[in-house]
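What follows is a set of notes on a single structure, which appears directly below.
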Amino acid sequence: MRSSVFDNLDPRQVPAGFALANGKMLRVQLPHEVLAKQGSMVAFQGQMDFEYEGAGGIGKLLKKAVTGEGASLMRVRGQGLLYLADNADDIHLFYLENEGLTVNGRNLLAFQPQLTWDIQRVQGAGVAAGGLFNTTLTGTGWVAVTTHGTPVLLDAAAMPTYADGQSAVCWSTGLHVGVNRTIKVGALIGRGSGEAMQLAFQGQGFVLVQASEGVPVVKSQ
């Protein structure tokens with residue numbers, strides 16, 4: 001796997017249609033198709049068609065309805081340059097080489113359509129545990145994720161690793177992921193959830209953690 005967060009990929013010069021116009025805006029070179037978060041287009045040059053992609057199948061649609069995970073997607077086709085962004089968040093690129101990446105759905109900005117994706121539940125977390133359903137992408141191709149602020153990359157192989165469920169942006173699919181519950185139930189140790197529960201990571205791989213729980217989601221009344 002290659003990524004700008006590993007310091008082995010120049011984020012300004014990425015082949016195969018993906019590049020960063022700047023740290024907060026993704027530039028996609030079409031005619032290759034791209035799947036992107038609905039509403040993330042900020043500009044385009046050329047001729048393009050935008051189609052609502054939804055959850056990508058009835059099975060994924062049902063999972064999304066139950067879990068609340070996964071952003072609504074749009075499929076973009078055409079010719080030219082497409083510019084994507086999400087609330088001026090920082091953007092990071094990953095190139096998967098027959099590999100997998102698990103992403104918090106709120107942080108998934110765009111990916112190439114040849115990648116296979118699905119919504120999966122973190123083992124040990126019930127349906128009511130918000131933020132513990134995530135989107136897994138596998139195959140070969142580019143993925144763009146967003147972070148609220150500059151993230152930190154943690155090596156889960158170095159020692160047991162724990163992160164707030166909303167602060168964990170993405171991680172290697174090879175990691176064993178579970179739920180850690182703090183003994184002192186009343187402890188306020190997260191970034192605002194008030195829950196004494198974290199994601200626990202073990203094995204060979206990395207976890208990318210952002211500096212907050214992201215922009216709050218405003219629920220309509």
Side-chain angles (χ1 to χ4, degrees), residues 1-54 56 69-97 99 101-115 117 134-137 139-153 166-171 191 206-218:
M1 185 183 298
R2 290 180 283 153
S3 173
S4 53
V5 300
F6 301 150
D7 294 328
N8 62 356
L9 175 70
D10 186 342
R12 298 165 298 178
Q13 299 177 353
V14 179
F18 273 46
L20 292 185
N22 56 54
K24 300 180 183 296
M25 192 175 298
L26 175 67
R27 183 178 70 239
V28 181
Q29 173 76 56
L30 300 180
H32 300 295
E33 291 184 7
V34 65
L35 287 168
K37 178 180 289 188
Q38 191 177 23
S40 62
M41 185 277 294
V42 294
F44 67 91
Q45 295 177 292
Q47 299 293 326
M48 297 185 190
D49 292 323
F50 298 81
E51 298 179 359
Y52 175 66
E53 185 72 12
E69 167 63 17
S72 295
L73 298 173
M74 60 182 181
R75 185 179 295 266
V76 187
R77 300 183 178 93
Q79 180 119 14
L81 295 173
L82 171 67
Y83 294 87
L84 303 171
D86 188 18
N87 203 45
D89 281 349
D90 293 342
I91 300 175
H92 307 276
L93 300 176
F94 291 84
Y95 185 68
L96 309 184
E97 298 175 286
E99 298 166 293
L101 183 70
T102 298
V103 185
N104 188 320
R106 294 173 63 184
N107 299 93
L108 182 59
L109 179 64
F111 59 95
Q112 292 185 307
Q114 69 266 24
L115 291 170
W117 66 281
N134 297 283
T135 303
T136 297
L137 303 104
T140 298
W142 290 100
V143 181
V145 303
T146 60
T147 64
H148 193 202
T150 303
V152 62
L153 187 71
Q166 295 298 332
S167 296
V169 173
C170 62
W171 57 86
R191 281 286 305 164
F206 70 89
V207 184
L208 189 68
V209 181
Q210 64 186 2
S212 77
E213 291 190 331
V215 178
V217 176
V218 178

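- Put simply, the side chain of Gln210 never gets that close to the backbone of Asn107: no donor and acceptor are under 3.5 Å apart.
- Proximity of Leu20 to Arg27: side-chain heavy atoms (C-beta onward) are nowhere separated by under 4.5 Å.
- Looking at every heavy atom in both residues, Leu84 comes nearest to Ala110 through CD1-CB, 3.8 Å.
- For the pair Gly139 and Leu96, the tightest heavy-atom approach, listed with the atom from each and the gap, is O-CB, 3.5 Å.
- For Phe44 and Phe50, the gap between ring centers is short of 6.0 Å.
- Looking only at distances, a side-chain donor or acceptor of Asn104 sits under 3.5 Å from a matching main-chain atom of Arg106.
- Inter-residue side-chain proximity for Thr136 and Trp117 is flagged as unmet; no heavy-atom pair is nearer than 4.5 Å.
- Listed by chain and residue number, nothing satisfies the side chain to side chain donor-acceptor pair (under 3.5 Å) test with Ser40 (two or more places apart in sequence, or in another chain).
- Residue Asp90 comes nearest to His92 through the heavy atom pair CB-NE2, 3.9 Å, listed as atom of the first residue, atom of the second, then distance.
- In plain terms, the two heavy atoms of Val42 and Ala85 that are nearest each other are CG1-CB, 4.0 Å.
- A heavy-atom distance below 4.5 Å is not found between the side chains of Trp171 and Val209.
- Not counting sequence neighbours, Thr140 has no partner by the side chain to side chain donor-acceptor pair (under 3.5 Å) test.
- Between Gln29 and Leu81, some side-chain heavy-atom pair lies under the 4.5 Å cut-off.
- In this structure, Arg75 and Glu53 have side chains that are in contact, with non-hydrogen atoms separated by less than 4.5 Å.
- Residues passing the ring pair (Phe, Tyr, Trp, His ring centres under 6.0 Å) test with Tyr83: none are found, sequence neighbours excluded.
- Take Asp86 and apply the side-chain contact (heavy atoms from CB on, under 4.5 Å) test, not counting sequence neighbours, and it matches Lys37, Leu109, Thr146.
- Counting heavy atoms from C-beta outward, Asn134 and Val103 have side chains that stay 4.5 Å or more apart.
- Taking the side chain to side chain donor-acceptor pair (under 3.5 Å) definition, one finds that Glu51 meets it with Arg77, sequence neighbours left out.
- In this structure, the ring pair (Phe, Tyr, Trp, His ring centres under 6.0 Å) partners of Phe206, at least two apart in sequence or on a different chain, are Phe6, Phe94.
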Self-check item: Derivation of the side-chain contact (heavy atoms from CB on, under 4.5 Å) call for Val145 and Phe111
Solution: CA-CA 9 Å; Val145 303; Phe111 59 95; over 6 Å; no
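- Contact annotation: the side chain of Met74 never approaches that of Tyr52 to less than 4.5 Å [non-hydrogen atoms, C-beta and beyond].
- No side-chain donor-acceptor contact under 3.5 Å links Gln38 to the backbone of Ser72.
- Taking the side chain as every heavy atom from C-beta outward, Leu30 and Val76 approach each other to under 4.5 Å.
- Counted within 6.0 Å of CD on Glu97, heavy atoms from surrounding residues, nucleotides or ligands total more than 12; the atom is thus considered enclosed.
- When all heavy atoms are compared, the tightest approach of Ala144 to Ile91 is CB-CG2, 4.2 Å.
- Separation of atoms NE2 (His148) and CD (Gln166) is listed at 13.0 Å; rounding is to 0.5 Å.
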Quiz item: Could you walk me through whether Leu35 and Leu115 pass the side-chain contact (heavy atoms from CB on, under 4.5 Å) check?
Solution: CA-CA 10 Å; Leu35 287 168; Leu115 291 170; over 6 Å; no
